[in-house]
Q: 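Structure incoming, see below.
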Amino acid sequence: MYTYPVILTRLESGQIMAEFPDVPEALTYGETEELALDHARDALYEALDQYMTMRKDIPAPGPVKGHSVPVEPMVGIKLGIYEAMREKGLTQDRLASLLACDARQVRRLLDIFHNSTLPQLVMALEVLDYRLEVQTVPARNTPGATEGMHV
């Protein structure tokens, strides 16, 4: 759901710049494509974290035509919870009340860099009237690969 296209550009210095058309704040460099993409994930997470801190909408990823950076599943769930809260007009304090927990726990629940548990995230989705669906897809376009499996 949150797979962001990334553009890699070789600079005159030899470094490779990684930039996200949908998240312009996420810009980084690497000595190789692999390093640039690795740094790109970190830059993307920092930018998305800032969107949430500043209470802004999470940019929707555009179509992928080349390289892309998918967010890790736990980060995707946290982004989904954040978007559901915004859609319903709920504050972190109100979600804490619905979850019968302290507001600090909700802040950690939404913190991209905090290692929350799956049951905590699922419970937050449930009180927001959402459910978690899992889908697996082939890592690469391979002959005979299916479109994806829903679990």
Side-chain angles (χ1 to χ4, degrees), residues 1-92 95 105-151:
M1 181 171 157
Y2 296 100
T3 299
Y4 287 89
V6 61
I7 298 168
L8 299 179
T9 307
R10 183 167 299 278
L11 303 175
E12 289 181 15
S13 67
Q15 284 194 317
I16 297 174
M17 178 176 64
E19 59 185 322
F20 293 87
D22 306 307
V23 186
E25 298 85 354
L27 179 70
T28 191
Y29 305 87
E31 296 296 323
T32 64
E33 278 192 17
E34 184 178 322
L35 283 174
L37 287 169
D38 191 43
H39 295 310
R41 181 180 311 276
D42 295 337
L44 178 63
Y45 284 8
E46 289 291 341
L48 294 174
D49 184 62
Q50 284 303 307
Y51 278 96
M52 291 195 305
T53 298
M54 296 170 24
R55 293 180 171 80
K56 295 171 87 176
D57 289 336
I58 300 296
V64 174
K65 296 175 185 162
H67 294 285
S68 65
V69 174
V71 301
E72 296 169 355
M74 287 293 179
V75 172
I77 297 169
K78 289 174 181 246
L79 293 173
I81 291 169
Y82 172 78
E83 288 189 316
M85 288 174 59
R86 287 183 57 81
E87 178 184 301
K88 294 184 177 287
L90 292 180
T91 64
Q92 290 182 15
L95 181 58
Q105 289 176 284
V106 172
R107 280 193 295 279
R108 286 191 296 269
L109 196 68
L110 294 172
D111 182 348
I112 288 176
F113 305 104
H114 179 75
N115 201 9
S116 302
T117 67
L118 187 56
Q120 292 171 322
L121 297 168
V122 168
M123 187 182 311
L125 285 168
E126 287 175 356
V127 301
L128 292 166
D129 292 324
Y130 281 79
R131 71 175 190 272
L132 178 63
E133 291 187 0
V134 177
Q135 179 182 8
T136 59
V137 296
R140 297 175 187 226
N141 292 334
T142 55
T146 61
E147 188 67 23
M149 290 189 313
H150 290 280
V151 179

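Not measured: the values here are computed from a predicted model.
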Q: With a 4.5 Å limit on heavy-atom distance, are the side chains of Val6 and Leu44 in contact?
A: no

Q: What distance do Leu95 atom CG and Tyr82 atom OH have between them, rounded to the nearest 0.5 Å?
A: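 OH of Tyr82 is found 13.0 Å from CG of Leu95.
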
Q: Quick one: do the Glu87 and Tyr130 side chains pair a donor with an acceptor below 3.5 Å?
A: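 Indeed, the side chains of Glu87 and Tyr130 share at least one donor-acceptor pair under 3.5 Å.
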
Q: Could you check whether any side-chain heavy atom of Lys78 comes within less than 4.5 Å of a side-chain heavy atom of Phe113, counting everything from C-beta outward?
A: no

Q: Is any side-chain heavy atom of Met85 closer than 4.5 Å to one of Gln92?
A: yes

Q: Could you report the tightest heavy-atom contact between Arg41 and Val71, atom names first, then the distance?
A: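 Closest approach of Arg41 to Val71, heavy atoms only: NH1-CA, 4.1 Å.
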
Q: Counting C-beta onward and ignoring hydrogens, is there a side-chain heavy-atom pair between Leu118 and Met74 closer than 4.5 Å?
A: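 The answer is yes, as the side chains (C-beta and beyond) meet within the 4.5 Å cut-off.
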
Q: From Leu121 CG over to Leu110 CG, what is the distance, rounded to the nearest 0.5 angstrom?
A: 9.0 Å

Q: In Å, rounded to the nearest 0.5 Å, how long is the span from CD of Glu46 to OH of Tyr51?
A: 13.5 Å

Q: Drop me the distance from Leu109's CG to Thr117's OG1, to the nearest 0.5 angstrom.
A: 8.0 Å

Q: Can you tell if the side chain of Glu34 reaches within under 4.5 Å of the side chain of Asp38, non-hydrogen atoms only?
A: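 Answer no - side chains too far apart.
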
Q: Is it the case that more than 12 heavy atoms not belonging to Met123 sit under 6.0 Å from its CE atom?
A: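 It does not: Met123 CE has 12 such atoms or fewer within range.
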
Q: Tell me, do Leu128 and Leu90 make a side-chain contact under 4.5 Å, heavy atoms counted?
A: yes

Q: How long is the straight-line distance from CG of Leu8 back to NE2 of His67, given to the nearest 0.5 Å?
A: 4.5 Å

Q: Give me the atom names and distance for the closest heavy-atom approach of Ala47 to Glu25.
A: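 Here Ala47 and Glu25 meet closest at CB-CB, 4.0 Å.
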
Q: Taking all heavy atoms of Ala18 and all of Ala36, pick out the closest pair and write down the distance.
A: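 Closest approach of Ala18 to Ala36: CB-O, 3.8 Å.
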
Q: Are Leu79 and Met52 close enough that some pair of their side-chain heavy atoms sits under 4.5 Å apart?
A: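 In short, these two side chains touch, coming nearer than 4.5 Å.
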
Q: Decide if atom CZ of Arg86 counts as having more than 12 heavy atoms of other residues, nucleotides or ligands within a radius under 6.0 Å.
A: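 Counting neighbours around CZ of Arg86, more than 12 heavy atoms of other residues, nucleotides or ligands fall under 6.0 Å, so yes.
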
Q: Using every non-hydrogen atom in the two residues, find where Gly80 and Tyr2 come nearest and quote the distance to one decimal.
A: N-OH, 3.6 Å

Q: Applying side chain to side chain contact (heavy atoms under 4.5 Å, CB included), run through Gln15 and Glu31 and close with a yes or a no.
A: CA-CA 5 Å; Gln15 284 194 317; Glu31 296 296 323; 3.1 Å; yes

Q: So, do Arg108 and Gln120 sit near enough that their side-chain heavy atoms are less than 4.5 Å apart?
A: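 No, every pair of side-chain atoms sits at 4.5 Å or beyond.
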
Q: CG/Leu48 to OG1/Thr53 distance, rounded to the nearest 0.5 angstrom?
A: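 It comes to 10.5 Å.
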
Q: Minimum heavy-atom separation for Gly62 and Asp22, please, with both atom names.
A: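 Looking at all heavy atoms of both residues, the shortest contact is N-OD2, 2.7 Å.
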
